[in-house]
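All values below were derived from every heavy atom in this structure, side-chain atoms included, with hydrogens, water molecules and symmetry-related copies excluded. When a ligand or atom number is given, it counts from 1 through the structure's own listing order.
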Amino acid sequence: METNEKSPNSPQTGYTDEFLTHAFSPQNVGVISDPDGFGAPRGACGDTLEIGLRVRNDRIADLAFLTDGCQHTVACGSVVTTLARDKTVQEALQIDAEAVMDMLGGLPPDHVHCARLAVTTLRLALKDYLKNRQAPWKKLYRT
Ligand code: FES
């Protein structure tokens with residue numbers, strides 16, 4: 001099969017080594033039981049990504065993601081959770097899609113939304129944590 005999508009970093013596939021590592025050997029895949037914060041939005045493409053996280057002393061002590069999305073989303077979930085680990089909540093809220101794409105060496109234009117979905121999911125999980133901290137009893141409402 002011939003492809004026109006070649007990059008200087010990986011002429012045979014068009015993807016960087018960083019992308020291939022995160023896409024095919026992703027970090028932080030799984031489920032956090034009884035998380036302090038949780039987010040699971042559906043992207044415009046119809047795919048979902050979820051992140052659960054545990055916070056200790058205002059730092060993200062543990063987090064994990066699952067997705068039913070594309071390989072780009074797997075890579076983005078791996079990167080966004082790697083970037084967020086051990087950060088303070090406020091630091092993690094600053095992680096943006098550009099930081100995720102930078103770590104992957106870029107994404108094809110039609111998959112930029114996968115990085116945005118990963119960042120949106122992280123922010124939802126962090127905001128859920130902040131909301132639960134304000135009103136801890138509401139955590140029991142989650143189904
Ligand atoms: Fe749907 Fe990547 S998240 S195509």
Taking only distance into account, with no hydrogens and no angle test, what donor-acceptor pairs under 3.5 Å do side-chain atoms of residues 38-49 form with protein atoms, sequence neighbours excluded?
| from | atom 1 | to | atom 2 | distance (Å) |
| --- | --- | --- | --- | --- |
| Arg42 | NH1 | Gly46 | O | 2.7 |
| Thr48 | OG1 | Asp68 | OD1 | 3.1 |
| Thr48 | OG1 | Asp68 | OD2 | 3.2 |

Quiz prompt | Partner of Cys76 under side-chain contact (heavy atoms from CB on, under 4.5 Å), chosen from Thr67, Val112, Leu107 | solution = Leu107
Practice problem: Using the side chain to side chain contact (heavy atoms under 4.5 Å, CB included) rule, take Glu18 and Thr21 through it: C-alpha gap first, then chi angles, then the decisive distance, then the call. | Solution: CA-CA 5 Å; Glu18 288 80 6; Thr21 299; 5.8 Å; no
Self-check item: All side-chain hydrogen bond (donor to acceptor under 3.5 Å, both in side chains) counterparts of Thr73, not counting sequence neighbours
Solution: none
Quiz item: Taking only residues two or more places apart in sequence or in another chain, which ones pass side-chain hydrogen bond (donor to acceptor under 3.5 Å, both in side chains) with His72?
Solution: Tyr15, His111
Self-check item: Verdict with reasoning, Phe65 to Thr121, per side chain to side chain contact (heavy atoms under 4.5 Å, CB included)
Solution: CA-CA 9 Å; Phe65 81 97; Thr121 307; over 6 Å; no
Quiz item: Around atom 1 (Fe) of ligand 1, how many protein N, O or S atoms are there at under 2.8 Å?
Solution: 2
